Chemist: 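Before we start, here is the structure in question, set down as structure tokens.
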Amino acid sequence: MGAFDFNVIVKALPLLWEGMQVTLLLTALGILGGIALGIVLAVMRLSRSRLFRNLAGAYVDLLRSLPLVLLIFWFYFLVPIAVGHPVGGFYSAVIGFILFEAAYFCEIIRSGIEGVRRGQVMAGLASGLTQAQCMRFIILPQAFRAMLPVLLMQSINVFKSTSLVYVIGLRDFLTAADLIGGRDNRLTEMYLLVAVVFFVICWTASQAVGLLQRRIAP
Amino acid sequence: MITLEHLSKWYGSTQVLDDCSTQIEKGEVVVICGPSGSGKSTLIKCVNGLEPFQKGTISVDGISVGDPATNLPKLRSRIGMVFQSFELYPHMSVVGNICLAQLHVLKRSEDAARARALELLDRVGLRSHADRFPSTLSGGQQQRVAIARALALDPIAMLFDEPTSALDPEMINEVLDVMTELAKDGMTMVVVTHEMGFARRVADRVLFMDAGAIVEDAKTAAFFDKPVSERAARFLSKILHH
């Protein structure tokens with residue numbers, strides 16, 4: 001294999017960047033979709049309707065009890081059957097991520113919402129706002145401030161988890177590095193690079209979250 | 001304007017309101033007092049439907065609060081409410097607090113809402129604090145903002161739920177002064193409070209509650225001179241003689 005060769009990395013950069021774009025896109029869609037579905041689930045879990053509460057509760061319990069890899073596999077094989085034509089690894093991975101992460105985001109959002117004092121809603125309702133308006137103007141903005149650090153930490157987790165799409169051969173950052181490493185017989189360089197990149201991004205992000213947390217703390 | 005008839009309420013099997021009836025006329029100031037846990041706050045929250053009740057009726061300006069067909073948000077927007085713990089929205093400026101329901105309930109324009117907010121802040125002596133956040137204000141200032149917030153909707157009546165109970169003693173008067181002004185202007189007010197000095201000076205009538213029931217419903221002077229019920233007499237002697 002020989003000595004550590006930086007040239008290998010430089011030459012691989014274009015392909016690695018393509019992989020990184022897949023990773024970033026997957027992360028962004030997973031976070032946005034996960035939070036959107038998470039809000040819906042959280043509202044269901046907090047609703048007065050027992051049916052909604054139980055449905056959302058069962059969903060969260062189920063999804064949190066399954067490994068993400070399994071979900072990615074399932075959607076890779078099941079979504080094409082369900083929609084009747086192949087949708088490609090990327091879309092099935094996106095769907096899998098959104099459904100999986102929504103369960104976690106739901107719990108974060110729910111605890112954020114439950115942390116807002118009951119009196120705040122009372123004040124909103126007393127002024128003639130509807131439940132939905134109270135949610136939108138009074139509860140969610142406060143809840144989001146409280147849960148922002150946790151949401152961001154979970155988002156960093158999503159970023160790391162995207163490497164699991166390796167199992168369906170989707171060419172994300174890790175897979176791209178692995179392919180190049182295998183092709184050029186330079187796995188050491190590639191795996192080290194992947195580790196460094198993930199570390200730098202995640203560490204910087206968590207430092208930023210820590211900073212933010214200190215700033216918004218009352 | 002506000003009529004309660006045979007109002008009863010239970011939390012599970014515990015009865016918290018017991019056959020409460022009274023009538024509050026337009027422009028009247030009614031103080032509700034009584035020991036803690038006697039149902040005062042619950043009663044006042046039934047008036048604008050924040051608390052559901054199981055028996056009896058409440059009507060406000062001819063509209064039945066308990067009727068499922070009643071548009072509760074619309075009715076509530078016509079009744080101002082001030083809470084013990086202020087409940088200003090911490091993520092909005094003072095002016096933002098006062099504008100929120102004006103914008104989204106009354107559908108006023110930004111300009112009109114802001115103008116009304118500033119006018120009311122003037123009235124409660126806090127115009128210079130318009131763009132500050134609630135957490136930077138003292139308790140007394142927060143409660144005055146809360147009063148301005150309720151007044152911004154041009155309510156036909158105001159409900160006060162122990163508005164000074166969470167305040168440091170030196171801030172109580174600034175809030176009571178605003179309330180006294182309001183009463184002088186002819187606002188219909190229902191005030192749950194332990195401030196007997198305020199009751200004596202400002203109230204037209206006093207309701208005394210005990211164990212979920214209205215035990216005494218009398219003109220202010222009569223209530224303080226000669227309470228009919230023994231329970232109210234004992235309460236007064238405890239609260240006034242120290």
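Note on naming: letters A, B, ... go to the chains in the order of the sequence lines (proteins, then strands), and numbering restarts at 1 for each one. Predicted model, so just to flag it, every value in this text is computed and none were measured.
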Chemist: Given that the side chain runs from C-beta out, which part of B:I79 has a heavy atom under 4.5 Å from chain A: side chain, backbone, both or neither?
Modeler: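 It is the backbone, since no side chain atom gets that close.
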Chemist: Heavy-atom cut-off 4.5 Å, strictly under: side chain, backbone, both or neither for B:L106 against chain A?
Modeler: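 Contact with chain A involves no heavy atom of B:L106 at all.
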Chemist: Aromatic rings A:F100 and A:Y104: how do their planes relate, parallel, tilted or perpendicular, breaks at 30° and 60°?
Modeler: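 It falls in the tilted class, 30° to 60°.
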Chemist: Taking CZ in A:R45 as the centre, count heavy atoms belonging to other residues, nucleotides or ligands within less than 6.0 Å. Is the count above 12?
Modeler: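 Enclosed.
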Chemist: Relative to chain A, which of B:L88, B:N48, B:L72 shows the most heavy atom pairs under 4.5 Å?
Modeler: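 That would be B:L88.
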Chemist: Any idea which of B:M81, B:H104, B:Q102, B:K74 has the most non-hydrogen atom pairs under 4.5 angstrom with chain A?
Modeler: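 Most pairs with chain A among the choices: B:H104.
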Chemist: Which bit of B:Y89 comes within less than 4.5 Å of chain A, counting heavy atoms only: side chain, backbone, both or neither?
Modeler: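 Both parts, backbone and side chain.
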Chemist: Surrounding CZ of A:F52 (heavy atoms of other residues, nucleotides or ligands, distance under 6.0 Å), is the total greater than 12?
Modeler: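 Atom CZ in A:F52 is not packed in, count stays at 12 or less.
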Chemist: Side chain, backbone, both or neither: which part of B:R149 has a non-hydrogen atom closer than 4.5 Å to chain A?
Modeler: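 Only the side chain of B:R149 comes within 4.5 Å of chain A.
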Chemist: Regarding B:E51 and B:K9, does a basic nitrogen lie under 4.0 Å from an acidic carboxylate oxygen?
Modeler: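 B:K9 and B:E51: salt-bridged.
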Chemist: Looking at B:P90, B:S85, B:A146, which has the largest count of heavy-atom pairs under 4.5 Å with chain A?
Modeler: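 Maximum pair count with chain A is reached by B:P90.
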Chemist: So for A:Q120, is it side chain, backbone, both, or neither that comes closer than 4.5 Å to the heavy atoms of chain B?
Modeler: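 For A:Q120, the contact with chain B is made by backbone and side chain together.
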Chemist: Please indicate whether A:F198 has more than 12 foreign heavy atoms, meaning atoms of other residues, nucleotides or ligands, lying under 6.0 Å from its CZ.
Modeler: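 More than 12 within 6.0 Å, yes.
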Chemist: Measuring only between side-chain heavy atoms, which start at C-beta, is B:E174 closer than 4.5 Å to B:M171?
Modeler: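 Side chain of B:E174 against side chain of B:M171, heavy atoms only: contact under 4.5 Å found.
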Chemist: Look at atom CZ of A:R136 and say whether more than 12 heavy atoms of other residues, nucleotides or ligands are closer to it than 6.0 Å.
Modeler: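 Check fails, neighbour count at 12 or below.
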Chemist: Pick whichever of B:K45, B:E87, B:Q84 has the most heavy-atom pairs under 4.5 Å with chain A.
Modeler: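 Highest number of pairs under 4.5 Å: B:E87.
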